[in-house]
Chemist: 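Here's a structure for you.
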Amino acid sequence: MKVSIFSNNGPSSQKVATALHRGLEAAGVTIDSLNPDIVVTVGGDGTLLSAFHHYNDRLDKVRFVGIHTGHLGFYTDWRDFEVQELVDSLADDNGQSVSYPLLSIQVDYADGTHSDQALALNESTIKKVSGTMVADVYIKDELFESFRGDGLCISTPTGSTAYNKSVGGAVLNPRFNAIQMAEIASINNLVFRTLGSPLIIPADEWIRIEPTDPTDNVLMCDQLGIEGRPIKAISYRIARQRIAFAEYRHTHFWQRVEASFIGRENA
């Protein structure tokens, strides 16, 4: 088995990454950052998101494990003082895993240039640089609503606990193979109307958003951004690929939600 260690640059994370490297070498586990079977991230959820995008061309071959070195991470199961326990689990790995849905994104440009394809683990947002964003929203190629407001957020089930939750979206268990669209400060009055509620879209449907003005829009895919290009349309659907986590002691989804947002243990 080959393991990659993907760490942020914080001193505490670097210290843990060094200890993990030494422990894996002592256990006879191969360190390979180019073609790993398992990617261990050291830091927090942002580090894991970065690792996901770094290795998104190997999602059918790699599993992820997260160590958090700060506050509790939603994707990170191991604490910074549990390096040896993780080394033992990696050395005894038998291929067990749990997988989550991903968001597939296609961006078409008004200038006719080649479309872009992307994957998101958490969400994608589309916003106007300044002023109100106006866009037509299609579901399965049928016009659903004309949106006016700050923007729209399309999320995966695991990403439903991130920005989606902040804008009033529902928390969705990743056992549902679905995506969610939540409105960001929509305008609803006697002239302009939107549904005003989050939408849950099943795997056999898709969303297409067409901004009325293709210029001055900012499109985010997790931490990655596209701006300065004229966006004609963005299409969203459940991706064919999924992200897999090594299931040594993978935390149940609702336990993660409780620990991240309610925290009865700390009450």
Chemist: Is the backbone of P214 close enough, under 3.5 Å, to the side chain of N217 for a donor and an acceptor to pair up by distance?
Modeler: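 Such a contact is found between N217 side chain and P214 backbone.
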Chemist: Got V218 and V129 here, is their nearest side-chain heavy-atom distance under 4.5 Å?
Modeler: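 A side-chain contact exists here, since the closest heavy-atom pair is under 4.5 Å.
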Chemist: Would you check if the side chain of E210 reaches a backbone N or O of K232 as a donor-acceptor pair within less than 3.5 Å?
Modeler: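 Checking the backbone N and O of K232 against the side chain of E210, no donor-acceptor pair under 3.5 Å is found.
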Chemist: Using the rule given for side chain to side chain donor-acceptor pair (under 3.5 Å), can you reason through D213 versus T215, listing the C-alpha separation, both sets of side-chain angles and the distance that settles it, and then say yes or no?
Modeler: CA-CA 6 Å; D213 181 359; T215 61; 2.7 Å; yes
Chemist: Is I201 linked to L152 within one hydrophobic cluster, defined over Ile, Leu, Val, Met, Phe, Trp and Tyr using a side-chain heavy-atom separation of less than 4.5 Å?
Modeler: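 Yes.
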Chemist: Tell me, do V29 and M1 make a side-chain contact under 4.5 Å, heavy atoms counted?
Modeler: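 Of all side-chain heavy-atom pairs linking M1 with V29, at least one is under 4.5 Å.
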Chemist: Please lay out, stage by stage, how K140 and D204 fare under the test salt bridge (Lys or Arg N to Asp or Glu O under 4.0 Å).
Modeler: CA-CA 9 Å; K140 290 188 69 174; D204 62 347; 5.4 Å; no
Chemist: At what distance, to the nearest 0.5 angstrom, does CZ of F192 lie from CZ of R148?
Modeler: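 Here the rounded value is 4.0 Å.
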Chemist: Has the side chain of N188 got a donor or acceptor atom that lies under 3.5 Å from a matching backbone atom of T194?
Modeler: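 Answer holds: yes.
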Chemist: How many angstroms lie between atom CD1 of I126 and atom CE of M133, to the nearest 0.5 angstrom?
Modeler: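 CE of M133 is found 6.0 Å from CD1 of I126.
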Chemist: Side chains of Y248 and D92: closer than 4.5 Å at any heavy-atom pair?
Modeler: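 Contact flag for Y248/D92 side chains = no.
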Chemist: Not counting sequence neighbours, list each pair that qualifies as a salt bridge (charged side-chain N to carboxylate O under 4.0 Å, His left out) and has a residue in residues 106-119.
Modeler: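 For residues 106-119, and leaving out neighbouring residues, the salt bridge (charged side-chain N to carboxylate O under 4.0 Å, His left out) pairs sorted by first residue read D116-R229.
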Chemist: Of all the heavy-atom pairs spanning Y75 and N122, show the shortest one and how long it is.
Modeler: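 So the two residues come closest at OH-OD1, 2.6 Å.
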Chemist: With ring pair (Phe, Tyr, Trp, His ring centres under 6.0 Å) as the rule and sequence neighbours excluded, what pairs involving residues 38-65 come up?
Modeler: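 Residue pairs passing ring pair (Phe, Tyr, Trp, His ring centres under 6.0 Å), neighbours aside: F6-H54.
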Chemist: Taking all non-hydrogen atoms of both residues into account, name the closest pair between T76 and D45 and its distance.
Modeler: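 Looking at all heavy atoms of both residues, the shortest contact is N-OD1, 4.0 Å.
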Chemist: Between Q223 (side chain) and G46 (backbone), is there a donor-acceptor pair under 3.5 Å?
Modeler: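 Here the side-chain-to-backbone pair exists.
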Chemist: Provide the closest heavy-atom pair for N164 versus A182 in the form atom of the first, atom of the second, distance.
Modeler: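 Looks like OD1-CB, 3.5 Å.
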Chemist: Count I, L, V, M, F, W, Y as connected when their side-chain heavy atoms are under 4.5 Å apart, and connections chain through other members. Are W78 and I5 then in the same cluster?
Modeler: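 Linked, W78 and I5 end up in one cluster.
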Chemist: Is the backbone N or O of L224 less than 3.5 Å from a side-chain atom of D222, with the two atoms forming a donor-acceptor pair by type?
Modeler: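 Pair absent, no side-chain N/O of D222 close to backbone of L224.
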Chemist: Quick one, V65 with L86, criterion side-chain contact (heavy atoms from CB on, under 4.5 Å). Give me CA distance, side-chain angles, the key distance, then yes/no.
Modeler: CA-CA 9 Å; V65 179; L86 177 56; 3.9 Å; yes
Chemist: Checking side chain to side chain donor-acceptor pair (under 3.5 Å) between S13 and each of T47, D80, T69, which is the one that passes?
Modeler: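 Single pass found, and it is T69.
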Chemist: Can you tell me which residue among L103, L172, I200, L199 is in a side chain to side chain contact (heavy atoms under 4.5 Å, CB included) with I179?
Modeler: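 Exactly one option meets the side chain to side chain contact (heavy atoms under 4.5 Å, CB included) with I179, and it is L103.
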Chemist: Within the distance-only criterion (no hydrogens, no angle test), does the side chain of S260 pair as donor or acceptor with the backbone N or O of V257 below 3.5 angstrom?
Modeler: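 Looks like no, no N/O pair under 3.5 Å.
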Chemist: Do I139 and I234 land in one hydrophobic cluster if side-chain heavy atoms of ILVMFWY residues count as linked below 4.5 Å?
Modeler: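 As far as the 4.5 Å side-chain criterion goes, I234 and I139 are connected within one cluster.
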Chemist: Please lay out, stage by stage, how Y100 and F245 fare under the test ring-ring contact (aromatic ring centres under 6.0 Å, His included).
Modeler: CA-CA 8 Å; Y100 290 156; F245 290 86; 5.7 Å; yes
Chemist: Flag yes if Y236 and M220 sit in one hydrophobic cluster, no otherwise; membership is Ile, Leu, Val, Met, Phe, Trp, Tyr, and two members link when side-chain heavy atoms are under 4.5 Å apart.
Modeler: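 No.
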Chemist: Determine yes or no for a side-chain-to-main-chain donor-acceptor pair under 3.5 angstrom, with S89 supplying the side chain and E85 the backbone.
Modeler: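 Side chain of S89 to backbone of E85: a pair is present.
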Chemist: Less than 4.5 Å apart, side chain to side chain, heavy atoms only: is that true for L48 and L121?
Modeler: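 Heavy-atom side-chain distance check passes, below 4.5 Å.
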Chemist: Just by distance, do the side chain of E205 and the backbone of P202 share a donor-acceptor pair under 3.5 Å?
Modeler: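 Such a contact is absent between E205 side chain and P202 backbone.
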Chemist: Measuring only between side-chain heavy atoms, which start at C-beta, is P36 closer than 4.5 Å to V3?
Modeler: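 When only atoms from C-beta onward are counted, V3 and P36 do not touch, as no gap falls below 4.5 Å.
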Chemist: So which heavy atom on G95 is nearest to which on D93, and how close?
Modeler: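 That would be N-OD2, 3.1 Å.
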Chemist: Taking all heavy atoms of S235 and all of R208, pick out the closest pair and write down the distance.
Modeler: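 Of all heavy-atom pairs spanning S235 and R208, the closest is OG-CG, 3.6 Å.
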Chemist: Is there a side-chain contact between I38 and S4 (heavy atoms, below 4.5 Å)?
Modeler: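 No, their side chains stay 4.5 Å or more apart.
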Chemist: In the single-linkage hydrophobic clustering (I, L, V, M, F, W, Y; side-chain heavy atoms under 4.5 Å), do F176 and M181 co-cluster?
Modeler: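 Hydrophobic grouping puts F176 apart from M181.
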Chemist: Which is it for F144 and D136 under the side-chain contact (heavy atoms from CB on, under 4.5 Å) test, yes or no, and what are the steps along the way?
Modeler: CA-CA 8 Å; F144 177 74; D136 289 333; over 6 Å; no
Chemist: Would you mind reporting whether L102 and N56 have side-chain heavy atoms less than 4.5 Å apart?
Modeler: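 Side chain of N56 against side chain of L102, heavy atoms only: no contact under 4.5 Å found.
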Chemist: Would F147 and S186 satisfy side-chain contact (heavy atoms from CB on, under 4.5 Å), going step by step from the backbone distance to the final call?
Modeler: CA-CA 7 Å; F147 173 85; S186 59; 3.5 Å; yes
Chemist: Taking atom CZ of R58 as the centre, report whether more than 12 heavy atoms of other residues, nucleotides or ligands fall under 6.0 Å from it.
Modeler: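 Result for CZ/R58: enclosed.
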Chemist: Side chain of R242, backbone of S99: donor and acceptor closer than 3.5 Å?
Modeler: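 Yes: the side chain of R242 pairs with the backbone of S99.
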Chemist: Is there a side-chain contact between R237 and I207 in this structure, where contact means two heavy atoms from C-beta onward sitting under 4.5 Å apart?
Modeler: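 No; the side chains remain at least 4.5 Å from each other.
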Chemist: If you take all heavy atoms of I105 and V107, which pair is closest and at what distance?
Modeler: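 Shortest heavy-atom contact: CG2-CG2, 4.1 Å.
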Chemist: Examine distances only and state if a side-chain atom of K128 and a backbone atom of V134 form a donor-acceptor pair shorter than 3.5 Å.
Modeler: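 Here the side-chain-to-backbone pair does not exist.
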Chemist: Hey, could you give me the OG/CD distance between S104 and Q117, rounded to the nearest 0.5 Å?
Modeler: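 It comes to 6.0 Å.
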Chemist: Any chance NZ of K2 has more than 12 other-residue heavy atoms, nucleotides or ligands included, within less than 6.0 Å?
Modeler: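 More than 12 heavy atoms, drawn from other residues, nucleotides or ligands, come within 6.0 Å of this atom.
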Chemist: Could you walk me through whether R256 and D77 pass side-chain contact (heavy atoms from CB on, under 4.5 Å), step by step?
Modeler: CA-CA 9 Å; R256 292 174 182 273; D77 290 308; 2.6 Å; yes
Chemist: Any chance you could measure R193, atom CZ, to I187, atom CD1, to the nearest 0.5 Å?
Modeler: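 Between R193 CZ and I187 CD1, I get 12.0 Å after rounding to 0.5 Å.
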Chemist: What distance do S160 atom OG and Q180 atom CD have between them, rounded to the nearest 0.5 Å?
Modeler: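 Atom-to-atom, S160:OG and Q180:CD are 6.0 Å apart.
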Chemist: To the nearest 0.5 Å, tell me how far L119 CG sits from T156 OG1.
Modeler: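 Here the interatomic distance stands at 11.0 Å.
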